[in-house]
Amino acid sequence: MADSSTPPPVVRPKRKKVLVDYLVTFRWIPAIFVALPLSALIYLCIYIGGMLSSMKSEERRRREHEENVKKVVKRLKQRDPRKDGLVCTARKPWVVVGMRNVDYKRARRFEVDLSAFHNILEIDTERMVAKVEPLVSMGQITKVTCPMNLSLAVAPEFDDLTVGGLINSYGISGSSHIYGLFSDTVVAMEVVLADGRVVRATKDNEHSDLFYGMPWSQGTIGFLVSAEIKLIPIKEYMRLTYTPVRGTLKEIAQAYADSFVPSSKDAKVPDFVEGMVYSPSEGVMMTGVYATEEEAKKKGNRINRVGWWFKPWFYQYAETALKRGEFVEYIPTREYYHRHTRSLYWEAKLIIPFGDQFWFRFLLGWLMPPKITLLKITQGEAIRNYYHDNHVIQDVLVPLHKVGDVLEFAQRELEVYPVWLCPHRLYKLPVKAMVQPEAGFEQHLRQGDTAYAQMYTDVGFYYAPGAALRGEEFNGAEAVRKLEQWLISNHGYQAQYAVSELSEKDFWRMFEPSHYDHCRRKYGAAGTFMSNYYKSKKGKKTEKEVREAEAEAEAAIVEPNKDADAE
């Protein structure tokens, strides 16, 4: 039972069932008989494609990359800015891993095909850098690097996430409390600009402003065509400690912070950190340390192959610590990295309610997970709108010292469990990037902070709210609006893959626009690429909105670029 200090959820009236409720209830039928078999075929094609790519010489992959870059440049130069729409990629709206409808692709636009950019170009073990193209997925790169006892410094948990999305938007993993967000581990970016120039941006060359401007820009400054990303040495296993926590939400938040912030200078910082809050009074904190195969196989140590298809879904297995008490086990490193893939964190429970049962896992678990793209295709407009109203998928980034506050807010307004907690550093940069720490954080140096970075936390809400599960009325749009206003008031940020209700004014209250605007002007993006807010705004674009966005392009053509002239 929750402590009396835990804020109660809002009491709502019962909601009358409509046809779409039954369509959602039986959504498992197309998921099992359509999405799962087709997903298996797609995964097979991806596997074969990866094998064929690995058989190519490094020189051949480099030549193909250069040819593909030339095609992008040629396509951009074919655009007539006075009659063609604003530029975006040619990926279909349902291909994107995210909850937004990608409504900007349902309006007038000028598409550039980047589908050929899916190769790992080089693994440089001397520089400890992986050079990859933007459509390389996390599953693809860990399959190559882990056998070499190497990994990206930040390797997000979901297989299908791509390098391009993780840089242009954001990416995080259990190691982000050490290395920061995914974009913080990028060494260099190769970018095709609006005028067709191809530049290499690093933090200390003549395009350093572009280097800092690309993250969170959603590809609205230029096309990322390759990235060089930091590698780190790893070991074969992860020694994972599961620690149950009970108390109020504030107490759970404090236990989470204590799990990875060392109490003394001599204490070791864990390599990986993750927390899951299962109710207003219970959670499990997990800390991982890399371990050798020799250590893992010592007598008495338990090895858990969580990647086997019949194994319990990881979030449910971790919850057993609430009954078992604290325990330790060893998980093969790559299997640990992708521990949430089969169950789509815990979203698969809503799609296939019996998917976590042993009989299903044993018989069909090897087909999991269904591709998100296929789930989008099979859901239709009515179900998509239903999920916007009766479902929450949001990642919010908040200062570590405010995790307890956001958990209490979410208990009152959302009542979504489990809640995912993942810490990350937010670095103080030499420019005013879209996302930055609280002003003056270095003067307070709260728990986890340093002079050069503030400790933040990704708080993930992915499930149906308690009100929806009880059959009560729930206004998803209004709940998201309240969450967004809370973030603005508390120096937090909303992940851009999620559905947003922000007005343009509030979007730029949440995100810092100055350096982004500078890059848009200097590199000619304002006359070619869609703006960040235009891509984020929920709902189909009206003809008026399209004309207004294109008017920015007209203005950019007529008025010379002042920043460029200053150069």
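This chain uses plain numbering: 1 for the first residue, then up along the sequence.
Not a single donor-acceptor pair under 3.5 Å links the side chain of Tyr179 to the backbone N or O of Val154. Judged by distance alone, the side chain of Thr142 and the main-chain N or O of Met138 form a donor-acceptor pair under 3.5 Å. The closest donor-acceptor contact from the side chain of Ser175 to the backbone of Ala153 lies under 3.5 Å. At least one donor-acceptor pair closer than 3.5 Å links the side chain of Ser531 to the backbone N or O of Tyr534. Within the 3.5 Å criterion, the main-chain N or O of His118 finds a donor-acceptor partner in the side chain of Gln140. With hydrogens and angles ignored, the 3.5 Å screen pairs a side-chain donor or acceptor of Asn205 with a backbone N or O of Arg200. Side chain of Arg342 to main chain of Trp309: a donor-acceptor pair is present (N/O by atom type, distance under 3.5 Å, no hydrogens or angles). No donor-acceptor pair under 3.5 Å is formed between the side chain of His491 and the backbone N or O of Ile488. Side chain of Ser536 to main chain of Asn532: a donor-acceptor pair is present (N/O by atom type, distance under 3.5 Å, no hydrogens or angles).
Taking the six-membered ring where the residue is Trp, His340 and Phe314 present perpendicular rings, their angle passing 60° and hence far from 30°. Relative orientation of the Tyr170 and Tyr497 rings is parallel, given thresholds of 30° and 60° on the angle between their planes. Between Tyr462 and Tyr345, the ring planes are tilted. Angles from 30° to 60° get that label.
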Please walk me through it: do Arg63 and Glu66 pass salt bridge (charged side-chain N to carboxylate O under 4.0 Å, His left out)?
-> CA-CA 5 Å; Arg63 287 199 310 270; Glu66 291 175 352; over 6 Å; no
Residue pair Asp506, Arg509: steps toward the salt bridge (charged side-chain N to carboxylate O under 4.0 Å, His left out) verdict = CA-CA 5 Å; Asp506 282 342; Arg509 287 176 63 209; 2.8 Å; yes
Which is it for Glu347 and Lys349 under the salt bridge (charged side-chain N to carboxylate O under 4.0 Å, His left out) test, yes or no, and what are the steps along the way?
-> CA-CA 5 Å; Glu347 281 289 306; Lys349 179 68 175 174; over 6 Å; no
Verdict with supporting geometry, Arg481 and Glu478, salt bridge (charged side-chain N to carboxylate O under 4.0 Å, His left out) = CA-CA 5 Å; Arg481 275 192 286 270; Glu478 181 61 26; 3.3 Å; yes
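Geometrically, Arg75 does not engage Phe223 in a cation-pi contact, judged by NZ or CZ lying under 6.0 Å from the ring centre and within 45° of the ring axis. In this structure, Arg334 fails the cation-pi test against Tyr337, since its NZ or CZ atom is not both closer than 6.0 Å to the six-membered ring centre and inside 45 degrees of the ring normal.
Checking Gln496 against Trp216 by side-chain atom types alone, no donor-acceptor pair falls below 3.5 Å. Under 3.5 Å, the side chains of Ser137 and Asp160 contain no donor-acceptor pair of N or O atoms. Side-chain atoms of Tyr523 and Asp209 form a donor-acceptor pair, as typed in the model, at a separation below 3.5 Å.
Taking the side chain as every heavy atom from C-beta outward, Val435 and Met510 never approach each other to under 4.5 Å. A heavy-atom distance below 4.5 Å is found between the side chains of Glu274 and Arg339. In this structure the side chain of Ile352 reaches within 4.5 angstrom of the side chain of Leu36, judged on heavy atoms. The shortest side-chain heavy-atom distance between Thr202 and His207 does not fall under the 4.5 Å cut-off. Between Cys519 and Lys522, the closest side-chain pair of non-hydrogen atoms is not below 4.5 Å.
Residue-environment remark: NZ (Lys56) exceeds the threshold of 12 foreign heavy atoms within 6.0 Å.
The list of ring pair (Phe, Tyr, Trp, His ring centres under 6.0 Å) pairs with a residue in residues 58-92, not counting sequence neighbours, reads His65-Phe117.
The aromatic ring centroids of Tyr47 and Tyr43 lie 6.0 Å or more from each other.
Residues Arg61 and Glu64 are not paired through a salt bridge, judged by the lack of any N-O separation under 4.0 Å between the basic side chain and the carboxylate.
For Glu67, the side-chain hydrogen bond (donor to acceptor under 3.5 Å, both in side chains) test picks out no residue, with sequence neighbours left out. In this view, Ala35 and Pro370, Leu374, Leu375 satisfy the side chain to side chain contact (heavy atoms under 4.5 Å, CB included) rule, not counting sequence neighbours.
Closest approach of Thr162 to Pro134, counting heavy atoms only: CB-O, 3.4 Å. Scanning all heavy atoms of the two residues, the minimum distance from Ser217 to Tyr516 falls at CB-CE1, 4.0 Å.
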